[in-house]
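What follows is a short report on a single structure.
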Amino acid sequence: MFFASGGGSVATILLDILIVLVAAKVAAEFAERVGIPAVAAEIIAGILVGPSVLGLVAENDVLLVLGEIGVILLLLEVGMEMDLRELRAVGRASSIVAIIGVIGPMALGFVAMQVLGAAVVDDVLGLLILTVVVRIVTGGSVSVFSVASIIAVALGFLIITTVLGSRFAPSLFRGVYRYARSPGTLVALALAFSLLFAELASAAKLAPIVGAFVAGLALSRSEQRERIQRELAPVGHLFVPVFFLGIGINVDVSSFAKPEVLGIAGVLFVIAIIGKLLSALGAIGARGDKWLVGFGMIPRGEVGLIFATIGLSSGALGEDLYAALLLVVIVTTVLAPPLLKARLRTIQRRRGAEAAAGEAMPAGGWLRVDDGTVELAARPPAEAALTVAFDAAAALEAARAPGEALLDWLGGLGDTSLAWDAAATRRLVAVLEFGGDRSWRFLERTGV
């Protein structure tokens, strides 16, 4: 995908792997300490060890394969993090935000230049658009029928494999978990399952990452999901950074100084920012801060890099456009976290004052369940946060999703110190007794 074909002795290849792994971990540690995304640090590390700067790493097919495995693991993780049932609960607003986030930059981009390429697309919708672009470029012809047929195949693959995988994966891995004796069987078969779906996607003329994503969606319904995620995590820590360092290794750093590259990058940066901020319009009518939605959509991040790299290898993108896209990815990835933190601090200061006072508790308690959604019946004072959060977590085992007002209130508490008392202990015991995966995900994601 991002390394040229090349041989080399075993000793040379092992040295390359050594350099890449050490550089990846040094970059990750640096990113953690200075508060920037690890992805950006890993790309920069790849540029430093690659031919453009130090020339420590030679290009070879082994690193290519390791990077490909890393991409599959990354999309598998993305799929496993998605709960389709929870996604349906907020499906309308999420879909509108995503669609505007895709269409906005594309529409602005076509005004600015003839082809934007694959870096302006987003996640699932982006997978479809990427498939269309790559197939058109490799096929050499464009027609309404060809585009429609490509979209139909992609949609058909996503729908059929997601339905079948979600239906059969839980029982399959339940059986593996029950009868396997070797401690590595479950995680090995989960990876094999993902590679199978990646191969099916490739056979359907789609990018293998589409199959890996669908495999993750299927495994997200399995009772063994958390164990699979836990055991695959160390493998991902090794392989995923290889992909991002490979992007940096493959870049000719001198191209960043070209006026045409800087010009394209500037235009695409403006398009990316405006287009993603416009996506917040899709959340009109929903609770929550619209600026947070827009800022959260800004970073192009991991999936955008995958799209751009596939575009380069397929010929859909030229070297200059790829370099410009890479600059946009790095800048937007680094820019988004401080914007989000600043906005969150503003919101938390405003809501902290509101949460401190609270309202009177209704006769039925602080919570109610409406149509499967656990929601606040009234705004509690800050000191009730632990008991309310634990009650909500316990209720989520039988309910579908937490309500927006509940999430807003917990998010608005910020760094408020919460005292532990006997009531909170009783509520925690109730979560341990009655709660499930959804309960613990709620407590983790709300920071409780």
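Worth knowing before you read on, the calculation uses all heavy atoms, side chains too, and leaves out hydrogens, waters and symmetry mates. Along the sequence shown, residues carry numbers from 1. Model, not experiment: these values are computed from the prediction.
- Taken from CG in Leu367 to CE in Met361, the straight-line distance is 10.5 Å, to the nearest 0.5 Å.
- When every heavy atom of Arg227 is checked against every heavy atom of Glu231, the shortest pair comes out as NE-OE2, 2.7 Å.
- With hydrogens and angles ignored, the 3.5 Å screen pairs no side-chain donor or acceptor of Ser166 with any backbone N or O of Val163.
- Once rounded to the nearest 0.5 Å, the distance linking CG of Leu200 with OG1 of Thr161 reads 8.0 Å.
- A distance-only check finds a donor-acceptor pair linking the side chain of Thr425 to the backbone of Asp421 [under 3.5 Å].
- Although no hydrogens or angles enter the test, the distance criterion places no donor-acceptor pair under 3.5 Å between the side chain of Ser202 and the main chain of Glu199.
- In the displayed structure, Phe30 atom CZ is contacted under 6.0 Å by at most 12 heavy atoms of other residues, nucleotides or ligands.
- Judged as a ring pair (Phe, Tyr, Trp, His ring centres under 6.0 Å), and not counting sequence neighbours, the contacts of Phe173 are Phe193.
- A pairwise comparison of heavy atoms in Pro241 and Gly236 identifies CD-O, 3.4 Å as the closest pair.
- Leu396 and Arg438 make their closest contact through O-CD, 3.6 Å (heavy atoms, listed as atom of the first residue, atom of the second, distance).
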Kindly indicate, with the supporting measurements, whether the criterion side chain to side chain contact (heavy atoms under 4.5 Å, CB included) is fulfilled by Phe256 and Leu326.
CA-CA 9 Å; Phe256 291 153; Leu326 183 57; 3.9 Å; yes
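- Checking side-chain atoms of Arg445 against main-chain N and O of Leu443 turns up no donor-acceptor pair under 3.5 Å.
- The distance from atom CG of Leu335 to atom CD1 of Ile273, rounded to the nearest 0.5 Å, is 5.5 Å.
- Side-chain contact between Gln229 and Glu81 is present, with at least one heavy-atom pair separated by less than 4.5 Å.
- With a 4.5 Å cut-off on side-chain heavy atoms, Trp366 and Thr387 do not count as touching.
- In this structure, Glu29 pairs ionically with Arg33, as a charged nitrogen and a carboxylate oxygen lie closer than 4.0 Å.
- The two residues Ala27 and Ala45 make their nearest non-hydrogen contact at CB-CB, 3.8 Å.
- For the atom pair Glu223 CD and Ile228 CD1, the distance stands at 11.0 Å (nearest 0.5 Å).
- In summary, the side chains of Ser222 and Gln224 do present a donor paired with an acceptor at a separation below 3.5 Å, with no hydrogens or angles considered.
- Residues Phe244 and Ile44 are not in side-chain contact: their nearest non-hydrogen atoms beyond the backbone lie 4.5 Å or more apart.
- Between Arg230 and Glu226 there is no salt bridge, since none of the side-chain N atoms of the basic residue sits less than 4.0 Å from a carboxylate O of the acidic one.
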Decide yes or no on side chain to side chain contact (heavy atoms under 4.5 Å, CB included) for Leu410 and Phe442, but give the supporting numbers first.
CA-CA 11 Å; Leu410 286 171; Phe442 165 77; 3.5 Å; yes
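- Rounded to the nearest 0.5 angstrom, Leu245 CG and Leu21 CG are separated by 9.0 Å.
- Taking all atoms of both residues into account, the shortest heavy-atom contact from Leu386 to Ala424 is CB-CB, 4.1 Å.
- Contact annotation: the side chain of Ile69 never approaches that of Phe243 to less than 4.5 Å [non-hydrogen atoms, C-beta and beyond].
- You'll find the side chain of Phe157 stays beyond 4.5 Å of the side chain of Thr162, heavy atoms only.
- Within a 6.0 Å radius of OH in Tyr177, no more than 12 heavy atoms belonging to other residues, nucleotides or ligands are found.
- Across all their heavy atoms, Val20 and Ile249 have their closest contact at CG2-CD1, 4.3 Å.
- Without hydrogens or angle criteria, Asp370 side chain to Thr373 main chain gives no donor-acceptor distance under 3.5 Å.
- Taking the side chain to side chain contact (heavy atoms under 4.5 Å, CB included) definition, one finds that Phe434 meets it with Ala430, sequence neighbours left out.
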Go through the steps to decide whether Asp391 and Arg427 satisfy the test side chain to side chain contact (heavy atoms under 4.5 Å, CB included), and finish with yes or no.
CA-CA 6 Å; Asp391 284 345; Arg427 265 45 173 224; 2.9 Å; yes
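- Using a distance-only test at 3.5 Å, with no hydrogens or angles considered, a donor-acceptor pair links the side chain of Arg368 to the main chain of Leu376.
- With hydrogens and angles ignored, the 3.5 Å screen pairs a side-chain donor or acceptor of Glu375 with a backbone N or O of Glu404.
- A distance-only check finds a donor-acceptor pair linking the side chain of Thr332 to the backbone of Val328 [under 3.5 Å].
- With values rounded to the nearest 0.5 angstrom, Leu325 atom CG is found 9.0 Å from Tyr322 atom OH.
- Between Leu406 and Val388 the shortest side-chain heavy-atom distance falls below 4.5 Å.
- Under the 4.5 Å side-chain criterion, counting only non-hydrogen atoms from C-beta, Ile72 is not in contact with Phe239.
- Put simply, the side chain of Leu191 reaches to within 4.5 Å of the side chain of Leu73, judged on heavy atoms.
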